[in-house]
Structures are given as structure tokens and as C-alpha cells.
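Below is one structure, written out as C-alpha cells; comments come after it.
In what follows, every heavy atom counts, from backbone to side chain, and hydrogens, waters and symmetry copies are set aside.
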Number of protein chains: 2
Amino acid sequence: MRYAAEHKDQTRSALLKAAAEEMRAHGPDGVSVAAVMKRVGLTHGGFYAHFDSKDALIAAAVGEMFVHAARRREKYAGSITSIDGFIDSYVSAVHRDNPSRGCPIPALMSEAGRWPKGARKAFDEGITRLAQRLAVLMPSHVTEPQAAAMSLIAEMAGAIALSRSVADAALSDALLDSSRAALKQRFTSN
Amino acid sequence: MRYAAEHKDQTRSALLKAAAEEMRAHGPDGVSVAAVMKRVGLTHGGFYAHFDSKDALIAAAVGEMFVHAARRREKYAGSITSIDGFIDSYVSAVHRDNPSRGCPIPALMSEAGRWPKGARKAFDEGITRLAQRLAVLMPSHVTEPQAAAMSLIAEMAGAIALSRSVADAALSDALLDSSRAALKQRFTSN
DNA sequence: TTGATGATATGATAAGCATCATACTATGAA
DNA sequence: TTCATAGTATGATGCTTATCATATCATCAA
């Protein structure tokens with residue numbers, strides 16, 4: 001190896017990270033190879049030394065997002081000991097307003113169904129992992145923690161996606177508030 | 001008018017309908033002007049006699065979807081007298097498996113946030129209308145029907161979008177089942 | 001210091017697409 | 001039956017984009 005040993009790996013990671021952000025901000029179709037390379041400080045031609053195709057980049061980026069999200073969760077695992085805390089930070093205006101750094105689920109939910117299976121597999125695993133993580137936190141009055149966790153994810157992700165879709169700020173806030181309140185009432189360990 | 005009086009209107013309607021289906025099936029970026037014209041049996045050139053731009057078509061198609069969904073609801077308003085019935089038909093495998101004829105909300109949720117305001121306005125109205133419709137059906141033990149309706153929409157739409165995203169059929173079913181059961185328990189009038 | 005080679009750049013190609021200018025055609029009025 | 005015109009078709013333009021072939025550059029071993 002003539003370049004520093006991890007040079008290529010670093011570039012690849014940077015590309016993945018850039019693609020993951022672009023994807024959540026502009027959608028999968030809004031990601032262009034040239035734009036991603038530029039973000040990393042390179043030009044478009046060298047791209048194919050790192051990925052076989054754009055589709056391969058997209059698939060890998062989806063995986064990256066979920067892995068990153070999981071790592072983040074584990075990092076703060078200590079501070080999030082109740083469902084309440086999780087709901088508050090997830091169903092929040094900050095999360096709504098920063099899609100490029102947020103959870104991939106609400107950012108990509110409605111388009112993922114149109115992807116090839118490879119890219120969707122990452123979704124399966126991401127959702128399953130998150131559900132397991134949340135199931136553990138369920139208060140004792142919840143009889144089926146795993147099912148409850150899935151239902152919780154559906155509403156949290158739905159609320160964020162909805163709140164990003166509407167044009168009216170007040171309606172957007174109301175959507176977040178309604179879901180947050182309903183979920184906390186449902187899942188508070190009181 | 002040399003053509004039959006409503007000729008152009010019919011073509012326009014057909015274009016809207018085709019665009020609305022294409023959009024839910026392939027995403028807004030997956031809709032090409034030529035493809036929509038072809039679906040209607042025309043060629044791409046004449047498109048601009050009907051719409052100023054592709055964006056105008058998209059915006060109108062979003063509006064169309066919501067209007068159509070509302071009409072459908074009103075049509076079956078008599079048969080849907082309880083929230084239960086609505087939840088059952090919405091959070092269903094049939095709905096999941098037919099995005100092009102289904103509710104626009106889960107089909108477009110995560111991309112709508114990236115649209116220009118014009119197209120998003122249709123979302124506001126569609127969601128508001130649906131929330132009002134559902135609020136009326138809320139059982140008496142629900143204290144804030146409007147907020148409860150928004151929370152209900154978030155979970156229903158989230159569940160459909162999620163169930164479409166995952167690759168594994170069993171997981172997809174589980175997601176639907178979990179949300180359906182949770183919602184029915186929450187909103188049954190018993 | 002030099003050369004081999006892995007990483008990146010330049011430039012080209014071809015396809016897809018929205019948009020538009022212009023030509024044609026079907027239709028109802030005369 | 002003929003003509004004016006609304007609606008549609010043909011074909012072109014220019015842009016963006018993925019992909020690839022080839023050239024150049026940066027680094028480490030010797």
C-alpha cells in the first residue's frame with residue numbers, strides 16, 4: 001500500500017456518512033454521485049473505486065444510518081432508563097427539524113417500500129433492534145412488550161414524518177404534541 | 001370549441017389520476033411526464049397544454065388524492081359508524097399491498113417534507129379533514145377527540161408505511177397486528 | 001532519491017428527462 | 001363540404017446524471 005493504510009477506508013466511511021445525510025435531507029433520488037463526492041472533497045470519477053454502483057452506495061448508506069443510530073442509543077443507554085425520556089427526545093421539534101441527523105425510519109419510511117430487497121433488509125434489522133431495546137424499557141403493566149414496542153415505533157415515526165409533511169407550523173406542533181402526550185400517558189410507568 | 005366540450009377536462013382528469021397512482025407507486029421522482037402521458041394514451045409533447053410544469057402536475061395530483069380519499073370516505077360514511085371499522089380497514093394487509101390506490105399519507109409522508117409549500121398545503125388540509133372526521137367518531141371516554149384523532153392518524157399511517165418498508169413478511173404482519181390491536185383497545189367504545 | 005502502484009482527477013459517453021417550437025389532425029360551425 | 005381552431009404529435013434542445021476509460025498524482029519501499 002502506497003497510501004496510508006486506512007486511507008481508502010476513511011474515504012469510504014466519509015462517503016457513507018455524506019450519503020446518509022444527503023439521503024435523509026433530499027431523499028434517495030436526490031442523492032447524486034457527484035454531490036456526495038464533492039461533499040467529501042473529491043471529484044466524481046473516483047467514485048467507482050469505492051462502490052460498484054450508486055445503488056450499492058444507497059444500500060450501504062441505509063445500513064450505516066441504522067448502525068449509527070443504534071450506537072448512539074447505546075451511548076446514551078445509561079441516561080435513558082425510562083420510555084418517557086425516549087419519547088420526549090424522539091417526538092420533539094428538534095428531531096423534526098433536523099432530518100439529516102435524525103432517525104432514518106421517519107425520514108425514509110414511505111420510500112423504502114420501493115427499494116430493492118437489499119436496502120430494505122437494513123430496515124428490518126433496524127426496526128427489530130429498536131423494538132427490542134424499547135421492549136426492555138416497557139413498564140410492568142404492559143402485557144406484551146414486544147408488540148407494544150412496535151406500536152410505539154409506528155406512532156413515534158408516524159408523528160415525526162407527519163409533522164414534517166405539513167406546511168402549517170401550528171398544525172405540525174399539534175401533531176407532535178398530540179402523539180407525545182398520548183404515548184406518554186400510555187407508556188408511563190406511574 | 002371544436003372538440004367535444006369536456007374533452008380537455010377529461011384528459012386533464014385522466015392525467016391527474018394517472019399521476020396520482022404513479023406517485024404512490026413509484027414516488028414523486030419516479031413520475032415522468034412521458035410516462036404519465038403514455039398511460040393516458042398520449043405522447044409527451046402535448047403535456048404542456050394541460051399543465052404549466054411537472055411541478056404543477058405533482059401539486060395537483062396530491063390535491064386530487066386527498067379529495068378522492070375524502071369522497072371515498074363520505075361514500076362509505078354510513079357503513080363506518082365506529083372507529084373500530086375504520087381502523088380495521090386502514091391498518092390492513094390489503095391497504096399495505098395496494099399503495100397506488102391507498103391513502104396518500106403513508107405513501108408520501110416521508111418525502112412530502114421536501115416538497116415546495118404548494119404541494120404540502122394539500123397535506124395540511126387532508127390531515128385536518130381526516131382528523132375532524134375521526135374526532136366525531138371518538139368514543140365518549142376520550143377527553144380530547146381532536147388530539148386523539150391526530151395521534152390515531154400518526155400510528156395508523158406509521159404502521160402502514162413501516163409494514164411496507166420491511167423486507168420480511170412476518171415482521172410486516174407483526175407490525176400491522178401490533179398497531180391494530182393497540183389502537184382498537186385504545187379507541188373501542190366498549 | 002526513485003520507481004511502482006494505489007488513489008484520485010479529467011474528460012467522454014450515453015441515457016433519461018423536462019421543456020418548447022412547430023406541424024398535424026379531429027371536430028363543430030358555417 | 002369546407003374552414004378555423006383546440007387538442008395532440010413529432011422532433012429538437014439542453015440539462016443532469018450514472019458510468020467508464022484513461023491520465024495524473026501521492027505515498028511508501030528500496
Side-chain angles (χ1 to χ4, degrees), chain A residues 1-62 64 111 114-116 118-119, chain B residues 1-64 108 111 114-116 118-119:
Chain A
M1 315 211 172
R2 301 310 135 111
Y3 273 62
E6 349 69 40
H7 195 152
K8 194 170 185 180
D9 284 348
Q10 284 180 351
T11 302
R12 191 191 152 93
S13 299
L15 283 174
L16 277 181
K17 194 183 161 200
E21 290 188 14
E22 289 268 303
M23 234 173 130
R24 278 170 290 187
H26 309 120
D29 296 327
V31 177
S32 96
V33 169
V36 172
M37 291 295 277
K38 196 177 203 174
R39 259 176 79 106
V40 173
L42 302 177
T43 55
H44 64 279
F47 174 78
Y48 293 86
H50 299 280
F51 294 94
D52 284 347
S53 67
K54 185 185 169 178
D55 283 352
L57 170 70
I58 298 285
V62 176
E64 222 278 325
E111 21 214 335
R114 302 189 291 261
W115 296 345
Chain B
M1 314 209 170
R2 301 312 135 111
Y3 273 61
E6 350 68 40
H7 194 151
K8 193 171 185 180
D9 284 348
Q10 283 180 353
T11 302
R12 191 191 152 93
S13 299
L15 283 175
L16 276 181
K17 194 181 159 199
E21 289 188 15
E22 289 269 303
M23 236 174 129
R24 278 171 288 188
H26 309 118
D29 296 327
V31 177
S32 96
V33 169
V36 172
M37 291 295 277
K38 197 176 203 175
R39 259 176 80 106
V40 173
L42 302 177
T43 55
H44 65 280
F47 174 78
Y48 292 86
H50 298 281
F51 293 94
D52 284 348
S53 67
K54 184 186 171 179
D55 283 351
L57 170 70
I58 299 286
V62 176
E64 222 280 323
L108 304 171
E111 21 213 336
R114 302 188 291 262
W115 298 346

Rounded interatomic separation in angstrom, taking CG from B:Asp52 and P from C:dT19: 10 Å

B:Lys54 has its side chain closest, among C:dT19, D:dT8, C:dT8, to C:dT19

What is the separation between atom CG on B:Asp55 and atom P on C:dT19, rounded to the nearest whole Å? 7 Å

Return the minimal non-hydrogen interatomic distance between B:Ala60 and B:Arg12, and the atom names on each side. CB-NH2, 4.4 Å

Ranking C:dA7, D:dT10, D:dA18 by distance to the side chain of A:Lys8, first place goes to C:dA7

Min side-chain heavy-atom separation B:Leu16-B:Leu57 under 4.5 Å: yes

How many Å lie between CG on B:Leu42 and C1' on D:dA6, as a whole number? 14 Å

By the 4.0 Å heavy-atom rule, please label B:Val31 as base, sugar-phosphate, or nothing. sugar-phosphate

Send over the distance from A:Phe47 CZ to D:dA21 C1', rounded to a whole Å. 17 Å

Distance in angstrom units between B:Asp29 CG and D:dT17 C1', rounded: 13 Å

Whole-Å distance separating the NE2 atom of B:His44 from the C1' atom of C:dC20: 10 Å

Residue pair A:Leu15 / A:Met37, side-chain heavy-atom distance below 4.5 Å: yes

Looking at D:dA9, D:dT8, C:dA9, which one has an atom nearest to any side-chain atom of B:Thr43? D:dA9

Which of these passes side-chain contact (heavy atoms from CB on, under 4.5 Å) with B:Pro28: B:Lys54, B:Met23, B:Arg114? B:Met23

Separation of D:dA21 P from A:Tyr48 OH (nearest whole Å): 12 Å

Integer-rounded Å distance: D:dG7 C1' and B:Gln10 CD: 13 Å

Any B:Thr11 side-chain N or O less than 4.0 Å from OP1/OP2 of D:dT8: yes

